[in-house]
2 protein chains.
Amino acid sequence: MDRRRRDTSSFLPLRPVEFHVLLSLAAGERHGYGIIQDAEARGDTSPLDVGTLYRALRRMREQGLIAEAAAPSSESSTDERRNYYRLTALGLEVGRAEARRLESLTRAARAGGLLKGVA
Amino acid sequence: MDRRRRDTSSFLPLRPVEFHVLLSLAAGERHGYGIIQDAEARGDTSPLDVGTLYRALRRMREQGLIAEAAAPSSESSTDERRNYYRLTALGLEVGRAEARRLESLTRAARAGGLLKGVA
DNA sequence: GTGCATATATGCGTAACGCATGTATCGGGC
DNA sequence: GCCCGATACATGCGTTACGCATATATGCAC
C-alpha cells in the first residue's frame with residue numbers, strides 16, 4: 001500500500017471532468033467512450049471534450065484514482081480498442097470527499113440565497 | 001442592456017474561486033481581502049491563493065459578473081486601498097445557474113452512492 | 001469491401017493556476 | 001513621531017490543463 005500515499009484532500013477540488021469520471025465509474029466499469037456517452041445521457045453542461053477526457057483518464061490512472069480493468073463478462077462485444085477502467089480505493093475515497101465538498105457548497109449557496117428553498 | 005450579451009450557461013462550469021466570489025458577494029458588498037477572509041472563515045478547502053483571487057476579480061469585472069461599488073456606509077474605516085465589489089444582475093444569474101449545477105451534481109453523487117443518505 | 005460509428009491519441013495555441021515577490025497604506029504601541 | 005505587523009492589491013514566472021482540430025485505426029452492418 002504505497003500507491004495511495006497522498007492526502008485525500010490534496011486532490012480537491014477536482015476538475016469537472018475528473019468528478020464525472022469517478023461518478024461514472026462508481027456505477028460500474030466503463031471504457032472511455034462509454035463515459036462520454038454517460039455524460040451525454042445525463043445532459044451535462046458543456047458536452048465533455050474527448051481530448052480532455054482521454055488526457056484526464058491517463059492522469060487519473062497515473063495518480064492511482066482509477067485502474068485498468070478487464071472487459072466485463074457482461075459485455076457481448078470484444079472490441080479490442082476499448083480500455084476499461086475501474087475505481088481504486090483511493091479513487092472512491094477522493095470521489096466521496098469531492099461529493100461532500102459539493103454538498104457543502106450547495107448548502108452554502110442555499111443559505112446565501114442563490115438556491116430556492118429553505119434558507 | 002448589452003454588457004450581458006452572453007448566454008448564461010456559457011460561463012459554466014465556474015472555477016472554484018469564481019463561485020466563491022459570487023457566493024461571498026451575494027451576502028453583500030465586499031472588498032478583495034474581505035472575500036479572502038470569508039473563505040478562511042468558512043474553512044474552504046485549499047485556502048484561496050491571493051494572486052488567483054485578484055486576477056479572478058479583474059476577469060469577472062471585465063465579464064460583467066461583478067462591478068465596482070462605493071465603500072458601504074456601514075464601514076467605519078475609510079481605507080483608500082480597498083476595492084469594493086457588488087454582484088451584477090448577470091453575476092447573480094450565473095451564480096444561481098452554477099448553484100443549480102452543483103445541486104444536480106450532488107444529487108447524482110447521492111444516487112451513485114458517493115454520498116451517504118437516501119439513494 | 002465500402003462507409004459510418006466507434007474508440008483512442010496527440011499537436012497546438014491559450015488561459016488560468018500556484019507561488020513568490022513587490023509595493024504601499026493602515027493602525028496601534030510606545 | 002516612529003516602528004512594525006497586518007492589511008490590501010498587483011504582477012512576473014514557470015507549469016498545467018484546456019478546447020479545438022486532426023490523425024489513425026478498428027468494429028460492424030449492408
Side-chain angles (χ1 to χ4, degrees), chain A residues 6-7 9-22 24-25 29-41 44-63 65-66 68-72 75-85 98, chain B residues 6-7 9-22 24-25 29-41 44-63 65-66 68-72 75-85 98:
Chain A
R6 287 175 65 192
D7 185 21
S9 69
S10 74
F11 287 97
L12 307 187
L14 293 182
R15 298 162 192 290
V17 204
E18 295 167 342
F19 186 63
H20 175 73
V21 169
L22 296 183
S24 197
L25 291 185
E29 298 178 2
R30 294 272 189 290
H31 59 106
Y33 202 79
I35 294 174
I36 293 174
Q37 290 168 327
D38 259 22
E40 286 169 0
D44 250 1
T45 34
S46 55
L48 187 50
D49 178 79
V50 292
T52 302
L53 176 80
Y54 287 116
R55 266 185 271 248
L57 286 174
R58 171 143 52 124
R59 201 168 61 232
M60 294 171 75
R61 190 164 40 75
E62 288 166 359
Q63 291 173 334
L65 295 174
I66 61 178
E68 301 223 38
E75 197 59 65
S76 56
S77 161
T78 53
D79 194 330
E80 285 293 333
R81 296 169 302 169
R82 297 183 171 181
N83 295 338
Y84 283 87
Y85 298 99
E98 175 72 358
Chain B
R6 285 176 65 192
D7 186 21
S9 69
S10 74
F11 288 97
L12 310 187
L14 293 183
R15 298 163 191 290
V17 205
E18 294 167 341
F19 187 64
H20 174 73
V21 169
L22 296 184
S24 196
L25 292 185
E29 298 179 1
R30 295 271 189 289
H31 59 105
Y33 203 78
I35 294 175
I36 293 175
Q37 290 168 325
D38 260 22
E40 283 168 2
D44 251 1
T45 32
S46 53
L48 189 48
D49 178 77
V50 292
T52 301
L53 176 80
Y54 287 117
R55 266 184 272 248
L57 286 175
R58 171 143 55 118
R59 201 167 61 234
M60 294 171 76
R61 190 164 40 74
E62 288 166 358
Q63 293 174 334
L65 295 174
I66 62 178
E68 301 223 38
E75 197 60 68
S76 57
S77 161
T78 53
D79 194 330
E80 285 293 333
R81 297 169 301 169
R82 296 183 173 180
N83 296 336
Y84 284 87
Y85 299 99
E98 175 73 357

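To find a chain, count down the sequence lines: A is the first, B the second, and so on, and within it residues start at 1.
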Using distance only, find each side-chain donor-acceptor pair of residues 32-40 of chain B under 3.5 Å and give its atom names and separation, not counting sequence neighbours.
| from | atom 1 | to | atom 2 | distance (Å) |
| --- | --- | --- | --- | --- |
| B/D38 | OD2 | B/S24 | OG | 2.5 |
| B/D38 | OD2 | B/R30 | NE | 3.2 |

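Looking at A/L65 and A/V21, their side chains never come closer than 4.5 Å, going by heavy atoms from C-beta outward. A/L22 places a side-chain heavy atom less than 4.5 Å from the side chain of A/I66.
Remark: B/R81 engages B/D79 in a salt bridge (Lys or Arg N to Asp or Glu O under 4.0 Å) (not counting sequence neighbours). Among residues two or more places apart in sequence or in another chain, the ring pair (Phe, Tyr, Trp, His ring centres under 6.0 Å) test is passed with A/H20 by none. Take B/R55 and apply the salt bridge (Lys or Arg N to Asp or Glu O under 4.0 Å) test, not counting sequence neighbours, and it matches no residue. Applying the side chain to side chain contact (heavy atoms under 4.5 Å, CB included) test to A/S9 and every residue at least two apart in sequence or in another chain returns A/D7. The salt bridge (Lys or Arg N to Asp or Glu O under 4.0 Å) check on B/R59 picks up B/E18, with sequence neighbours excluded. Take B/P13 and apply the side chain to side chain contact (heavy atoms under 4.5 Å, CB included) test, not counting sequence neighbours, and it matches A/P16, A/S46, B/E98, B/R101. Remark: B/Y84 engages B/H31 in a ring pair (Phe, Tyr, Trp, His ring centres under 6.0 Å) (not counting sequence neighbours).
For DNA chain C, the outermost nucleotides in 5' to 3' order that have an atom under 4.0 Å from a heavy atom of chain A are C/dT6 to C/dC12.
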What one-letter contact string describes nucleotides 7-15 of chain D from 5' to 3', where B marks a base within less than 4.0 Å of any protein heavy atom, S marks contact via sugar-phosphate atoms alone, and - marks no contact?
BSBBBBB--
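A stem is defined here as three or more consecutive Watson-Crick or G-U pairs, each with both distances under 3.5 Å; for DNA chain D these stems are C:1-30 with D:1-30.
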